[in-house]
Number of protein chains: 2
Amino acid sequence: MALFVGRYVNKIDKKGRVSVPKPFRLAFVEQSFAGLYAYPLFKFNAFEACGEDFMERLSNSLEDLPMFSDEQDDLSVILESAHRLPFDPEGRVALPSEILKATGITSQTLFVGRGRRFQIWEPKAYEVNRGQAFARAKARGATLQLRTPPKREGEES
Amino acid sequence: MALFVGRYVNKIDKKGRVSVPKPFRLAFVEQSFAGLYAYPLFKFNAFEACGEDFMERLSNSLEDLPMFSDEQDDLSVILESAHRLPFDPEGRVALPSEILKATGITSQTLFVGRGRRFQIWEPKAYEVNRGQAFARAKARGATLQLRTPPKREGEES
DNA sequence: TAGTATCCCATTGACGCCCATCAATACCCA
DNA sequence: TGGGTATTGATGGGCGTCAATGGGATACTA
């Protein structure tokens with residue numbers, strides 16, 4: 001299991017904790033850090049979450065850029081805005097107030113699988129956005145060019 | 001744990017001490033020197049901090065520049081202006097007056113994770129800067145192209 | 001010897017850990 | 001195939017621990 005798929009709605013308790021869906025948690029087992037990293041999305045009032053390996057990757061990519069460059073500074077916003085959220089023994093995380101405020105989450109949290117990462121939404125906000133995206137895609141007659149399947153070792157072209 | 005991620009605000013006491021956030025301190029455990037190095041940034045009224053290993057890396061990078069060149073002289077200011085700040089038993093450091101003055105820090109200190117290093121800001125000064133960076137990223141569409149291709153199970157690097 | 005730096009101890013408030021309960025689902029057997 | 005049961009994930013809440021903070025005592029130094 002390595003992919004985040006599907007949507008799940010879980011409650012937030014008085015302490016601000018919310019259970020991360022079990023299927024999602026399973027994708028974290030091979031990580032050195034038992035928890036997730038959440039960073040804000042630019043386009044939506046929602047957060048995206050990933051594991052430590054992705055964060056390392058991001059950090060290393062930033063290191064390739066020249067130190068003190070604008071480029072590095074701008075991209076570093078992700079690292080700066082990220083929250084490190086450890087799982088409690090029951091697989092819950094405590095959502096910091098910044099996330100609650102930015103997403104509008106109060107009583108329920110929506111987890112949206114996105115493959116390698118997943119998103120965290122306020123359920124109704126997601127519905128609205130999803131409706132709009134669907135309408136746009138419909139109006140546009142949206143098409144998608146699928147990428148050629150990635151080649152693994154030992155495979156012919 | 002080796003990455004600095006997220007933001008933390010801590011108080012400064014009468015003696016000029018401030019607690020380095022525990023998650024940040026953890027990234028120093030494998031360092032030979034129990035403390036941090038802080039050097040000023042050119043672009044902002046803020047300081048950047050790192051461990052001994054990164055400092056060595058920085059020093060080595062400077063040596064790669066032509067000896068006696070203006071470039072090397074200019075960037076070497078970083079080393080000249082760096083402060084070596086040891087942790088006290090509680091994990092605090094005493095910020096020297098030069099840092100307080102240059103950053104405008106008085107009662108609170110903001111620690112900003114940046115991956116392999118982190119920055120030290122006066123909270124409000126950072127807010128302004130971050131707002132701008134976030135707006136730029138948003139305006140730009142902020143699609144982030146990662147340099148390092150993701151490695152999957154069974155794939156070679 | 002005043003000023004400073006370092007260490008040690010106390011307080012407190014948030015957070016992590018543990019245990020109990022509930023609900024949904026999977027499993028088992030007649 | 002239906003009903004009963006076991007399992008497990010989600011949820012709630014109490015409590016202990018630890019990180020952050022404050023202040024005092026002591027060593028050091030200029």
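In what follows, chains are A, B, ... by sequence order, proteins preceding strands, each numbered from 1.
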Next item on the list: Whole angstrom is fine here: how far is it from CG in B:Asp88 over to C1' in D:dT26?
Entry: 15 Å
Next item on the list: May I ask you to say whether B:Glu52 pairs ionically with B:Arg84, meaning some side-chain N is under 4.0 Å from a carboxylate O?
Entry: yes
Next item on the list: Starting from C1' on C:dC7, measure out to CG on B:Asp13 and report it in whole angstrom.
Entry: 14 Å
Notebook entry, point to check: So what does B:Val20 hit on the nucleic acid, given a heavy-atom distance under 4.0 Å: a base, only sugar-phosphate, or nothing?
Noted result: sugar-phosphate
Next item on the list: Could you check how far CG of A:Asn10 sits from C1' of D:dG12, rounded to whole Å?
Entry: 14 Å
Item checked: Short N-O contact, A:Asp73 and B:Arg114, less than 4.0 angstrom -> yes
Next item on the list: Report the distance from atom NE2 of A:His83 to atom C1' of C:dC15, rounded to the nearest whole Å.
Entry: 16 Å
Next item on the list: On DNA chain D, check which nucleotide each of A:Ser19 and A:Lys14 is closest to and give me the residue with the more 5' one.
Entry: A:Ser19
Check: Do the two ring centres, one from B:Phe24 and one from B:Phe4, sit under 6.0 Å apart?
Finding: yes
Next item on the list: For the pair A:Arg25 and A:Glu90, find out whether any cationic side-chain nitrogen is under 4.0 Å from an anionic carboxylate oxygen.
Entry: no
Notebook entry, point to check: Looking across every strand, which nucleic acid part, if any, lies under 4.0 Å from B:Pro86 by heavy atom: base, sugar-phosphate, or nothing?
Noted result: nothing
Next item on the list: Find out whether B:Val112 and B:Phe118 are in side-chain contact, i.e. whether some heavy atom of one side chain is under 4.5 Å from a heavy atom of the other.
Entry: no
Check: If you take atom types as modelled and just measure distance, does the side chain of A:Glu90 reach the base of C:dC18 with a donor-acceptor pair under 3.5 Å?
Finding: yes
Checklist line | Distance, rounded to the nearest Å, where A:Phe111 contributes CZ and D:dA10 contributes P | finding: 9 Å
Next item on the list: Give the rounded distance in Å between these two atoms: NZ of A:Lys15 and P of C:dC19.
Entry: 14 Å
Margin query: What's the closest nucleotide to the side chain of B:Lys22 if the choices are D:dA19, D:dA10, C:dC17?
Written below: D:dA19
Check: B:Ile12 CD1 to D:dA20 P: how many Å, rounded?
Finding: 14 Å
Check: Does B:Lys11 make a side-chain N or O approach to OP1 or OP2 of D:dT21 shorter than 4.0 Å?
Finding: no
Next item on the list: Measure distances between side-chain N and O atoms of B:Arg17 and base N and O atoms of D:dG23, and say whether any donor-acceptor pair falls under 3.5 Å.
Entry: yes
Item checked: Nearest-angstrom distance from the residue atom CG of A:Leu95 to P of C:dC15 -> 12 Å
Next item on the list: Return yes if the base of D:dG12 and the side-chain atoms of A:Arg92 contain a donor-acceptor N/O pair under 3.5 Å, otherwise no.
Entry: yes
